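Written below as structure tokens is the structure these notes are about.
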Protein chains: 2
Amino acid sequence: MEFNKVAIKSLTLVDQVEEQILSYIVKNKLTSGTEIPSEFILAENFNVGRNVVREALSRLRMLGIIESRKHKGMVVREPDVMKNFSKVVNPYLLSKQSLLNLLDLRVSIESGITELIIHNITDEDIMEIESIVSKHIYQDEMKLKVENEIEFHSKLYHITKNQAIIDLLEMILPLFVYVNEKHENFKPINEKNKGKLIKHEDLIPFLKNRDVDGYRQAIYNHLKAYSEYVKQNRIIY
Amino acid sequence: MEFNKVAIKSLTLVDQVEEQILSYIVKNKLTSGTEIPSEFILAENFNVGRNVVREALSRLRMLGIIESRKHKGMVVREPDVMKNFSKVVNPYLLSKQSLLNLLDLRVSIESGITELIIHNITDEDIMEIESIVSKHIYQDEMKLKVENEIEFHSKLYHITKNQAIIDLLEMILPLFVYVNEKHENFKPINEKNKGKLIKHEDLIPFLKNRDVDGYRQAIYNHLKAYSEYVKQNRIIY
DNA sequence: AAATCTATATTTGTAGGACATAACACACAT
DNA sequence: ATGTGTGTTATGTCCTACAAATATAGATTT
């Protein structure tokens, strides 16, 4: 576990040590629970100050790759794949283009998980969805309270039983809330899509019939009408 | 910019300061390029040691939320949404379940972007894809060289022109490589799917015909056969 | 007055010392 | 065998110090 100090000029020592520690974990295939050397030992081995090691460890700790137990030592952990997203998926930190990209990504995933949903969904799920929809409060012809939006779609995500999908989509959902609040009079209705506007309750029959193609088309139209409206009316920022 | 030190016992000072600085940026809607106070000032304001501030800043720097210019000061930056993923999306750091979740996520996205692809694709794109496919080298009845796999699918991703989608899928692709190499004799063929196995060249006609439903079904079968095989044969680990 | 040089202050990156606190290990006494 | 006490270790935090590069202001020169 040695490396050539200042081998790459543009990187700081912290950057290099971070990389070295990570590659030390990966190369040695250290699994969750494995202890790693103390800060002092690491600093000695890398021939750097302890605070350099601490900064590098601090980053890995944030990523969830290591966990430090106070006064005991550090161990390797399995990182939460999506968790680190949440800090940067923030409408105030991202550009308009990034937000639009994420909204389109959501449309793609949410229609792309159709097979998973139709395959996994139970009658209990459908009953729960009907219960959620029945509580819906339309503030407008089309605009739901954001809590209702989140509750409904989040329920759909959980049917996939895929935690990566659930986490990723639930992370993007707040962006929708942000956009929604930015535009009080949001009405995703225009000449083109007036006929095929889909509300939450319209999705239920497709779920009941386990109609893959029908549901996919419906959820796509449901989301696309919204995202097209956002783009065309430039309601972000 | 003050906060109650040790307000939450379980969090370290670094955790709290990191949160405070991030919320300082978000609340004040600091946009890319805005300068933020020096480490010394921050440490003074938060009433903590400078290294605590440095550790917190080091994390935000890694996320791309701030950038520090040596000897000059720090500025706010727009973080790269997907970049931070790459460090943790590593087969040696993730559990088998997480890998499977990501492979399923890939199937969902890659079939979910069908509309984007068919809508955006140009004749030049199709020619390029045909060129890529013509270079394909089958090492086996079904197994391609990983470079070919990556080149083909990566080209599809770029047609979406959505950087979030491109980055996310290109991050998951190496996991496929890992799984592929884990199993030398990979043959995603069994009784059930023998008839509907889709190779890369089989996708091209659907692209040419701008056939949304046909392409979606084909890419889904192409990927699903593989991912089902991975699951059923437990070839990870 | 304008341009140029110079000294000083600022800021990040890095090193290293110090201490509190908690957990652990081990010897020792009961 | 159990309990006690002591010393060691590890992380978390604070502090000082300095190098190097940059910006700034002031002095000097033209």
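Just the heavy atoms: all of them, side chains too, but no hydrogens, waters or symmetry mates, feed the values below. Just so we're on the same page: letters track the sequence lines, and every chain starts at 1. Given the structure is predicted, the values throughout are model-derived calculations rather than measurements.
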Starting from P on dT16(D), measure out to CD on Glu39(B) and report it in whole angstrom. 16 Å

With the side chain of Leu13(A) defined as its heavy atoms from C-beta on, choose the nearest nucleotide among dA15(C), dG13(C), dT13(D). dA15(C)

Tell me the salt bridge (Lys or Arg N to Asp or Glu O under 4.0 Å) pairs involving residues 164-178 of chain A, sequence neighbours left out? none

Please tell me which of Asn51(A) and Ile41(B) maps to the more 5' nucleotide of DNA chain C, matching each residue to the nucleotide holding its nearest heavy atom. Ile41(B)

Residues in side chain to side chain contact (heavy atoms under 4.5 Å, CB included) with Asn84(A), at least two apart? Leu63(A), Val88(B)

Looking only at dC15(D), dG13(C), dT11(D), the nucleotide nearest the Ser38(A) side chain is dT11(D)

Ser111(B): side chain to side chain contact (heavy atoms under 4.5 Å, CB included) partners, not counting sequence neighbours: Arg216(B), Ile219(B), Tyr220(B)

Among all residues two or more places apart in sequence or in another chain, which pass the side chain to side chain contact (heavy atoms under 4.5 Å, CB included) test with Ile41(B)? Pro37(B), Ser38(B), Glu44(B), Asn45(B)

As a quick check of understanding, evaluate side chain to side chain donor-acceptor pair (under 3.5 Å) for Gln97(B) and Asn101(B), giving each step before the final call. CA-CA 6 Å; Gln97(B) 186 56 54; Asn101(B) 281 346; 3.2 Å; yes

Enumerate the residues from residues 52-76 of chain A whose closest heavy atom to DNA chain C is under 4.0 Å, giving them by residue number; use none for an empty result. Val52(A), His71(A), Lys72(A)

Rounded to whole Å, the CD-C1' distance (Glu44(A) to dT9(D)) equals 14 Å

Please report, rounded to the nearest Å, how far the P atom of dT11(D) is from the CG atom of Asp15(B). 16 Å

Gap between atoms CZ and C1', on Phe40(B) and dA17(D) respectively (whole Å): 13 Å

Results of ring pair (Phe, Tyr, Trp, His ring centres under 6.0 Å) for His158(B) - residues two or more places apart only: none

With a 3.5 Å cut-off and heavy atoms only, can you find an N or O donor on one side and an acceptor on the other between the side chain of Arg50(A) and the base of dG12(D)? yes

For atom CD1 of Ile36(B) and atom C1' of dT12(C), their distance in whole Å: 12 Å

